[in-house]
Amino acid sequence: MTGAGSGIGRAVAIGLLEDGYAVVLAGRRVDKLDDTVRDAGAFGAGALRVPTDVRDPDAVRALFAATREKFGRLDLLVNNAGAFDGGPLHQLSVEAWDKVINTNLRAPFLCTRAALRIMKPQNSGRIINIGSISAQRVRPNSGPYSASKHGLWGLTQVTALEGREYGVTCGAIHPGNVQVERRQASGKIEDDEPMMTAGDIAAVAVLMASLPPHVEMLEAIVLPSRQAYVGRG
């Protein structure tokens, strides 16, 4: 579980722990991972914390090696770590572009590659990518984010295709407005803007994870019932 120290990642990790999963918590800040374990209460005993920068190939290799050493197998990968930066394209810095693309697209590739190397020999496994409705309905000043989420949706489909003969499924959850720490800190939430909680997305992730192995939910678009989506601009 990447990006497990806050927001959607923390909620999904706790949801999986409560559902009986042993969960490897990956994130850059060990104190945030500790908070996730604490918030899980008694279920936190099923968590293994592995501080990881999932943009770094060596760190990702170490993460999956630790997972294999502890549990001997890998049944589920949730690619959740994310970043946002934006602005008009003609003013956008290369550094801002690279930060978002490396977190939102390079990191899921690195983790997916490592997971498949374990799952294919098992002939089983499931990968869930946390995307965004920005993969389908873009807004101005969101170039890196929207491009990365389009790319993640493409990676999801290729992973599902390549995993098919090995019993490995892959799907994407595309959330709409979710009230998380990063969004609150940005000050971009309007008082009347419809919002979901991270727990709402966690419920969908746990549902997707619990499907029978022969069933694949390729895509789930999850948004507040009153949020504009069709016709969004």
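What you see is a predicted model, and the numbers here were worked out from it, not measured in a lab. Quick note: numbers below take in every heavy atom, side chains included, and nothing from hydrogens, waters or symmetry partners.
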Interatomic distance, M119 atom CE to R126 atom CZ [nearest 0.5 angstrom]: 9.5 Å
Taking C-beta and beyond as the side chain, do C170 and N129 meet within less than 4.5 Å on heavy atoms? yes
Could you walk me through whether R49 and T36 pass the side-chain contact (heavy atoms from CB on, under 4.5 Å) test, one step at a time? CA-CA 10 Å; R49 297 169 304 127; T36 299; over 6 Å; no
Flag, side chain of N177 to backbone of P194, donor-acceptor distance under 3.5 Å: yes
Any donor-acceptor N/O pair, T2 side chain to A81 backbone, under 3.5 Å: yes
Indicate yes or no: at least one non-hydrogen side-chain atom of L76 is less than 4.5 angstrom from one of L16. yes
Considering all heavy atoms of both residues, which atom of F71 and which atom of A22 are nearest to each other, and what is their separation? CE2-CB, 3.6 Å
Answer with yes or no whether the side chains of R29 and S6 bring together a donor and an acceptor at under 3.5 Å. no
Keeping the roles fixed (side chain from S93, backbone from A96), state whether a donor-acceptor pair exists under 3.5 Å. yes
For R55, run the side-chain contact (heavy atoms from CB on, under 4.5 Å) check against I101, T103, L105 and tell me which one passes. T103
Indicate, with yes or no, if L25 and F43 share a hydrophobic cluster defined by side-chain heavy-atom contacts under 4.5 Å among Ile, Leu, Val, Met, Phe, Trp and Tyr. yes
Are any side-chain N or O atoms of K149 and backbone N or O atoms of I130, one a donor and one an acceptor, separated by less than 3.5 Å? yes
Give, for atom OG1 of T159 and atom CG of L116, the distance between the pair rounded to the nearest 0.5 Å. 6.0 Å
Do L33 and I8 sit in one hydrophobic cluster, given that two such residues count as connected whenever their side-chain heavy atoms are within less than 4.5 Å of each other, even indirectly? yes
For the hydrophobic clusters of this structure (ILVMFWY residues joined by side-chain heavy atoms under 4.5 Å, transitively), does one cluster hold both M208 and L152? no
Determine, step by step, whether V60 and F109 satisfy the side-chain contact (heavy atoms from CB on, under 4.5 Å) criterion, reporting the C-alpha distance in whole Å, the side-chain angles of both residues, the deciding distance to 0.1 Å, and the verdict. CA-CA 10 Å; V60 170; F109 155 68; over 6 Å; no
When you measure from the side chain of D19 to the backbone of G15, do you find a donor-acceptor pair of N or O atoms at a distance under 3.5 Å? no
Between the side chain of Q122 and the main-chain N/O of L74, is any donor-acceptor distance below 3.5 Å? yes
Looking at every non-hydrogen atom in both residues, tell me the closest pair between W97 and A147 and how far apart they are. CH2-CB, 3.8 Å
Hphob cluster co-occupancy, L211 + I201, side-chain heavy atoms under 4.5 angstrom: yes
Using side-chain contact (heavy atoms from CB on, under 4.5 Å), reason through I221 and Q136 one step at a time and then give a plain yes or no. CA-CA 10 Å; I221 299 170; Q136 301 173 359; 3.3 Å; yes
Say whether, by atom type as modelled, one donor and one acceptor occur between the side chain of Q227 and the main chain of M195 under 3.5 angstrom. no
OG-OH distance between S210 and Y21, expressed to the nearest 0.5 angstrom: 6.0 Å
Go through the steps for D200 and T197 under the test side-chain hydrogen bond (donor to acceptor under 3.5 Å, both in side chains), then give the verdict. CA-CA 5 Å; D200 295 328; T197 68; 3.3 Å; yes
Treating R68 as the side-chain partner and R73 as the backbone partner, does any N or O pair qualify as donor plus acceptor under 3.5 Å? no
Do you reckon V54 sits in the same ILVMFWY cluster as V12, going by side-chain contacts under 4.5 Å, direct or chained? no
Not counting sequence neighbours, which residues clear salt bridge (Lys or Arg N to Asp or Glu O under 4.0 Å) with D56? List them please. none
Pairwise side-chain contact, H150 with V138, heavy-atom cut-off 4.5 Å (strictly under): yes
Roughly how far, to the nearest 0.5 Å, is CZ of R38 from CD1 of I14? 9.0 Å
Can you tell me if CZ on R28 sees more than 12 non-hydrogen neighbours from other groups inside 6.0 Å? no
Quick check: closest heavy atoms across A11 and G199, and the distance to 0.1 Å? CB-N, 4.0 Å
About how many Å separate CD of Q179 and CD of E193, when rounded to the nearest 0.5 Å? 9.5 Å
L63 backbone acceptor or donor facing T52 side chain under 3.5 Å: no
Under the ring pair (Phe, Tyr, Trp, His ring centres under 6.0 Å) rule, collect the residues that match up with W153, sequence neighbours excluded. H174
Could you tell me the separation between the CD1 atom of I133 and the CG atom of L223, rounded to the nearest 0.5 Å? 6.0 Å
